[in-house]
**Student:** 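Sharing a structure with you now.
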Protein chains: 2
Amino acid sequence: MQSKSGLLRAHLARKTGCNLETIRYYEKVGLLPEPPRSANGYRVYPPELAQRLQFILRSRDLGFTMEEIRSLLVLIDKGEQTCAEVMGRTQTHLDQVRRRISSLKQIEATLAATLSQCTGENIPDCPILESLGGLDRSSQLP
Amino acid sequence: MQSKSGLLRAHLARKTGCNLETIRYYEKVGLLPEPPRSANGYRVYPPELAQRLQFILRSRDLGFTMEEIRSLLVLIDKGEQTCAEVMGRTQTHLDQVRRRISSLKQIEATLAATLSQCTGENIPDCPILESLGGLDRSSQLP
DNA sequence: CTTGAGTCTGTAGTTCCTACAGACCCTACA
DNA sequence: TGTAGGGTCTGTAGGAACTACAGACTCAAG
């Protein structure tokens, strides 16, 4: 049962790597419009909806929140996207990602350093435990 | 009402930037131990609990799940593990942190690349939207 | 002695999914 | 023709990690 004009839900799910139920969920919350139905009532996804789902999933993978994704989609939907607007949002997100990376690098350095101090012997005061406790949050995300 | 030996909940919340209720939630799920109470039954947080909360929040900011945070805390709450055990757990977390960093770097690269294609002018077809939509998700997060 | 701010408990709501349950529908194979 | 198997539909429940009440208590200040 495969309409030539689109994919059934499970097929779309497999193709995009999206969870089956998540597709229905995105429809429910309005990220995906209601797709046309076949005679028996099954959802049939035309290529443009498949692409829209790809976009959503890709954005999700990149760490955009639902609201951010929604606002990106609004820009697409209203056609007259000002490129600058999209650029701004992307830049903001990129900054966020970069802050996150540098925080993680601090943690990495701390863990690596403490690990290198550790002999693996069974001594009472483990240096790892000492240094983990000492991490502060002064340089955190906004 | 400020015990000299610690902070009240709201004070701790302000100091750490943590939501008031979240503190109680962490107590409920066992990340924070039950703090001592003042005569009237108010929670009074000694400095070591404040520090523990800092640690939890910092880990959370860095994207660790509750379970990951929980096992990090196990390192701090030195049970009867041998140093070698602690070392092993630390290594595991270090690996995780490194994987997380490299995932984020991929994201960073993608965002930066798409951004660099953008002129900021008001043209109809925004390259960011194109590339987000067009990218396949074959090289996604683990 | 009242007002306002802080605390307590328990419970309900939020976000972003994910997983059933029970009922159709369709194809294939014996 | 029958039935086994898959797929689909709807609605609803659950989970993770919070977040926000509601209603009662406590306490210092004016």
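Note that the coordinates shown come from a computational prediction; the quantities given were computed from them, not determined experimentally. Only heavy atoms go into these numbers, but all of them, side chains included; no hydrogens, no water, no symmetry mates. Reminder, nothing fancy here: chain letters follow the sequence lines and each chain counts from 1.
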**Student:** Tell me, with the steps shown, if A:Arg14 and A:Leu7 meet side chain to side chain contact (heavy atoms under 4.5 Å, CB included).
**Tutor:** CA-CA 10 Å; A:Arg14 271 194 300 278; A:Leu7 305 172; over 6 Å; no

**Student:** Can you pull out every salt bridge (charged side-chain N to carboxylate O under 4.0 Å, His left out) where at least one residue sits in residues 24-42 of chain B? Sequence neighbours excluded, please.
**Tutor:**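 As it turns out, the salt bridge (charged side-chain N to carboxylate O under 4.0 Å, His left out) pairs with a partner in residues 24-42 of chain B, which skip direct neighbours, are B:Glu21-B:Arg24, B:Glu27-B:Arg43.
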
**Student:** I need the CD-P distance between B:Glu27 and D:dC18, as an integer number of Å.
**Tutor:** 15 Å

**Student:** Whole-Å distance between C:dC16 C1' and A:Asn19 CG?
**Tutor:**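 One finds 12 Å between C1' of C:dC16 and CG of A:Asn19, rounded.
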
**Student:** Any side-chain N or O of A:Asn40 under 4.0 Å from OP1/OP2 of C:dC24?
**Tutor:**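 Answer is no, no contact under 4.0 Å.
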
**Student:** Taking side chain as C-beta onward, heavy atoms only, is A:Leu12 less than 4.5 Å from A:Cys18?
**Tutor:** no

**Student:** How long is the line joining CG of B:Leu20 and P of D:dA20, in whole Å?
**Tutor:**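 After rounding, the gap between these two atoms is 10 Å.
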
**Student:** How far apart are the closest heavy atoms of A:Leu94 and B:Ala112, and which atoms are they?
**Tutor:** CD2-CA, 4.0 Å

**Student:** Can you measure B:Glu21 atom CD to C:dT11 atom P for me and round it to whole angstrom units?
**Tutor:**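 Taking CD of B:Glu21 and P of C:dT11, I get 15 Å after rounding.
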
**Student:** Side-chain N or O of A:Arg24 versus OP1/OP2 of C:dC20: is the shortest distance under 4.0 Å?
**Tutor:** no

**Student:** Between B:Lys105 and B:Glu108, is there a salt bridge with N-O shorter than 4.0 Å?
**Tutor:**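 Looking at B:Lys105 together with B:Glu108, the answer is no, because their closest N to O distance does not fall below 4.0 Å.
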
**Student:** Write down the distance between CG (B:Leu8) and P (C:dG6), rounded to a whole number of angstrom.
**Tutor:** 10 Å

**Student:** Measure the distance from CD on B:Glu34 to P on C:dT9 and round it to the nearest whole Å.
**Tutor:**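 The distance from CD of B:Glu34 to P of C:dT9 comes to 9 Å, rounded to the nearest Å.
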
**Student:** Compute whether any side-chain donor of one residue and acceptor of the other, for A:Arg60 and A:Tyr26, lie under 3.5 angstrom apart.
**Tutor:** yes

**Student:** Can you tell me if A:Thr22 touches the phosphate of C:dT18, counting only side-chain N or O atoms and a distance under 4.0 Å to OP1 or OP2?
**Tutor:**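 Result: yes.
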
**Student:** Expressed in angstrom and rounded to an integer, what is the separation of B:Ile23 atom CD1 from D:dA20 atom P?
**Tutor:**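 Going from CD1 in B:Ile23 over to P in D:dA20 covers 13 Å.
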
**Student:** Are the side chain of A:Arg9 and the backbone of A:Leu20 linked by a donor-acceptor contact shorter than 3.5 Å?
**Tutor:** yes

**Student:** What N/O pairs connect the protein and nucleotides 14-17 of chain D at under 3.5 Å? Give each pair on its own line.
**Tutor:**
from, atom 1, to, atom 2, distance (Å)
D:dA17, OP1, B:Met66, N, 3.3

**Student:** Rounded to whole angstroms, how far apart are CG on A:Leu12 and C1' on D:dG7?
**Tutor:** 15 Å

**Student:** Is there a side-chain polar atom (N or O) of A:Arg9 under 4.0 Å from OP1 or OP2 of D:dG6?
**Tutor:**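 The answer is no; no side-chain N or O of A:Arg9 sits under 4.0 Å from OP1 or OP2.
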
